[in-house]
> 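Here it is, the structure in full.
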4 protein chains.
Amino acid sequence: MAPRYKNENRKQMMSETRERLVKAAVEEFAREGYEGANISRITQAAGVATGTIYNYFPSKNEMILAILSEIGTAHCAFIAEQIRQENDFVVRVERLLEAVFGFVRENPHQGRILFAMLQGANVTFKEHLNQIYQPMFQLISDEILIPGMEQGIFQSLDPVSTTVMIMTFYLGIGSTVDENGETPLDLKEVAAFVLRALGAKLATSE
Amino acid sequence: MAPRYKNENRKQMMSETRERLVKAAVEEFAREGYEGANISRITQAAGVATGTIYNYFPSKNEMILAILSEIGTAHCAFIAEQIRQENDFVVRVERLLEAVFGFVRENPHQGRILFAMLQGANVTFKEHLNQIYQPMFQLISDEILIPGMEQGIFQSLDPVSTTVMIMTFYLGIGSTVDENGETPLDLKEVAAFVLRALGAKLATSE
Amino acid sequence: MAPRYKNENRKQMMSETRERLVKAAVEEFAREGYEGANISRITQAAGVATGTIYNYFPSKNEMILAILSEIGTAHCAFIAEQIRQENDFVVRVERLLEAVFGFVRENPHQGRILFAMLQGANVTFKEHLNQIYQPMFQLISDEILIPGMEQGIFQSLDPVSTTVMIMTFYLGIGSTVDENGETPLDLKEVAAFVLRALGAKLATSE
Amino acid sequence: MAPRYKNENRKQMMSETRERLVKAAVEEFAREGYEGANISRITQAAGVATGTIYNYFPSKNEMILAILSEIGTAHCAFIAEQIRQENDFVVRVERLLEAVFGFVRENPHQGRILFAMLQGANVTFKEHLNQIYQPMFQLISDEILIPGMEQGIFQSLDPVSTTVMIMTFYLGIGSTVDENGETPLDLKEVAAFVLRALGAKLATSE
DNA sequence: CATGAATGAGGTTTCATTCAT
DNA sequence: TATGAATGAAACCTCATTCAT
């Protein structure tokens, strides 16, 4: 029973039409914001009829929540995957930065939505995102900062507020990217900036 | 023809109406964002008729631009004033942080609008704000970082990108404030974080 | 008593402010039509405050009626004056044409209002104008066509319908003028056309 | 995917809605003029919701342009059809007149819109109509006046200005019709008037 | 599932008119 | 008389959502 339901669910989730809708919606939300986004434009860009979108999402509001979940989850997963490939905590900090940037550069629309909603007026969206980004918070805290401090690689600091600062900084920096995914900042400098702030014993010796 | 004092009277009344409108609009934009903001609600909150707002602003769009200008200018002026009261560059960094936070704490709605528009979808608003914040950029660069580096107080770094990083960080952190102007972060920690990142010789000796 | 009232009335009618308002209104109505005309633009063009216009005209509607009366009366008077300078009925036909054209060329805005309102949707305006143009109707009929026919200069035709046709033709032709008062038609040809239609024994021997 | 006959069904329903909208709009524009016309009244008269009209016309302005095109084209086609049934150029002149009148009598609302817009303040509408009436201009010139003059039936005159005069006269006369399509003029007299003006060798031998 | 015309509440903006000064 | 800010009804238009096909 359960698997059958799961399969059907997945089938729906992965439907090609749905994918086209999500893709079009992401671009629309990125360009226009939530209120400015237009369902008709989305369906038109996706090449389906207006009503079709309501077979996949019960409302515009639910749609953006679903999209935020998908993007945020993918973002977190990508970052986690990148970081866990490294064992050196200093390099993990750099990797974290590269991962945030890399994701945004590869998916500029998704990035824009994320940052816009994170700062936007709608509290529901913000809370939704905060929840989604919990794993990333845990990741930074538990798999970089705390062990790094314990090993004396980083200066001993309050792990919670330091994590918040790092996340804020990284997300803030991620928001400097333009619509093409480019940023005016030099990753190496940013990494060095953060590592100094963490009191890292050794910056990357590259 | 009309006596002068009458005119002054009227001028004052007009500016009062304008003030009420701006105040109401700031709250509305902060709560709802640009697209979600509602002219009728604004005029109602300001206690005037719907049409009255168009005696002061030619359109909703022009209104937010005017408001962004006013807020941004006030913000920059406040920060500049705070910073110039100090001569020590290390303390200036702390003051900068306190000023950003302080302004936002005192004017949470204004803060929300700023951060929302800075990250929002509308490119026009972003460019408008970037222009308005030029003085703050110059301030950080010319009156804190560059002289601080020249005097050996800060590590020698690229002043432009460092300024961008600091602004991004501060504004990003400013965006962690809630609707009451409170932030979960400890200012002292944030200041220390930044000063370490700047390679400051002496953190505040508190 | 009566003269005093008359004088005051005239004073009001001839007030310089009123003249400026009428001039501005004529241009506005000519450019925008009645519904499209804008009281604020009129007062601004006249260099007075918005409310001032209501010291001279009780409403927009009454204003255009007053303006239509003034223009129509002036037009009729001008035509009558021109025609009565001639005794030859054939030449009177030509003079009539020249007078219609001449007035419109000298007063293109007034002309446009006349023709627009004559054809426009508002029945009140049309009836108003028809009444005003009664004298011109009588003029053509009683002082050109009927005596001309009686003297055998024009073919014997029904004077009423012929008058209507001539007026229609002239007004129609008057409506070919552009905003500068120019028309693509050659007056001489038009006069010859009409005179042939009237079966005139002799067209102008020029 | 949907069966074809269903589509045809829907297409037919759409064109019915469109027809109802155009019919209602024609009456509204005829009664109120362009600026005075009210979208809500049109949709209400058409028995649809307010927004429905925007499924068929992108704006009020585009709507009247479309309607002007439809009316003008129909008018020209009707006139051309009527005229080409006759070979005698004198009779063609009479037929032209009858056709102009007949169309207006059968379609008084359409007629009113035509004449109102032809004389109204809006230059765009006028230019639009001038373009639409080009075929009628060519028709009068190439298929009545020029051959008639070549065959010596009409006096030799400048064909262009004569065409303009005839069009002006006919359209001007058409504008004497009231809301029921009636005119105070006698068609026979008008025809005789024009034929005399053209120097026709033989007026209709009735 | 797909379609897309229809819906109608709601949004921004306009503007003739008023009235306190 | 002159002023012009205030009024608020009404206009045009948008758009998320529905539903019959």
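Here is the naming used below: chain letters follow the sequence lines, and residue numbers restart at 1 for every chain. No experiment lies behind these values; they were computed from the predicted model shown.
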> Would you please confirm or rule out a distance under 4.0 Å between OP1 or OP2 of F:dT3 and any side-chain N or O of C:T52?
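Looking at the OP1 and OP2 atoms of F:dT3, one of them is under 4.0 Å from a side-chain N or O of C:T52.
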> Please enumerate all residues that pass side chain to side chain donor-acceptor pair (under 3.5 Å) together with C:R20, with sequence neighbours excluded.
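For C:R20 there are no side chain to side chain donor-acceptor pair (under 3.5 Å) partners, ignoring immediate neighbours.
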> Is the number of heavy atoms from other residues, nucleotides or ligands under 6.0 Å of B:Q44 CD greater than 12?
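Atom CD in B:Q44 is not packed in, count stays at 12 or less.
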> Going by the side chain to side chain donor-acceptor pair (under 3.5 Å) test, which pairs reach into residues 116-127 of chain A, not counting sequence neighbours?
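Sorted result for residues 116-127 of chain A: A:Q119-B:S175, A:N122-A:T124.
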> Mind checking side chain to side chain donor-acceptor pair (under 3.5 Å) for B:E70 and listing every partner two or more places apart, or none if nothing turns up?
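Applying side chain to side chain donor-acceptor pair (under 3.5 Å) to B:E70 gives B:R18.
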> Starting at the 5' end of DNA chain F, which residue's closest nucleotide do you reach first, D:T50 or A:Y54?
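Looking at DNA chain F, the more 5' nearest nucleotide goes with D:T50.
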> With sequence neighbours excluded, what pairs up with C:H128 under the side chain to side chain donor-acceptor pair (under 3.5 Å) test?
C:S69
> Taking CZ from B:R20 and P from F:dA6, how many angstroms apart are they, rounded to a whole number?
8 Å
> Tell me which residues in residues 32-49 of chain A lie within less than 4.0 Å of DNA chain E, going by non-hydrogen atoms.
A:V48, A:A49
> Check side-chain contact (heavy atoms from CB on, under 4.5 Å) between C:N61 and all other residues, then give those that pass, not counting sequence neighbours.
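If we apply the side-chain contact (heavy atoms from CB on, under 4.5 Å) test to C:N61, skipping adjacent residues, the hits are C:Y34, C:S59, C:L65, C:F125.
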> For D:Y54, what residues pass the ring pair (Phe, Tyr, Trp, His ring centres under 6.0 Å) criterion, not counting sequence neighbours?
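So D:Y54 forms no ring pair (Phe, Tyr, Trp, His ring centres under 6.0 Å) with any residue.
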> With sequence neighbours left out, write down each residue that passes ring pair (Phe, Tyr, Trp, His ring centres under 6.0 Å) with D:F57, or none if nothing qualifies.
none
> List for me each residue that meets side chain to side chain donor-acceptor pair (under 3.5 Å) alongside C:N107, sequence neighbours excluded, and say none if there are none.
none
> Is the shortest heavy-atom distance from the side chain of A:V48 to the side chain of A:I53 under 4.5 Å?
no
> Could you state the atom-to-atom distance from CZ of B:R18 to P of F:dA6 in whole Å?
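Taking CZ of B:R18 and P of F:dA6, I get 12 Å after rounding.
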> Using atom CD1 of A:I53 as one end and atom P of F:dC15 as the other, report the distance to the nearest whole Å.
14 Å
> Given E:dA5, is OP1 or OP2 found less than 4.0 Å from the side-chain N or O atoms of D:N55?
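Looking at the OP1 and OP2 atoms of E:dA5, neither is under 4.0 Å from any side-chain N or O of D:N55.
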> Extract the stems that DNA chain E is part of, considering only consecutive pairing runs of at least three Watson-Crick or G-U wobble pairs, both distances under 3.5 Å.
E:2-21 with F:2-21
> May I have the distance from A:F57 (atom CZ) to F:dT17 (atom P), rounded to whole angstrom?
13 Å
> With the threshold set at under 4.0 Å for non-hydrogen atoms, list the residues of residues 58-67 of chain C touching DNA chain E in residue-number order.
C:S59, C:K60
> Can you tell me how far C1' of E:dA5 sits from CD of D:E16, to the nearest Å?
13 Å
> Just jot down the salt bridge (Lys or Arg N to Asp or Glu O under 4.0 Å) partners of B:E35, sequence neighbours excluded, or say none.
none
> Give a yes/no answer on whether the side chain of C:Y56 brings an N or O atom under 4.0 Å of OP1 or OP2 in F:dT1.
no
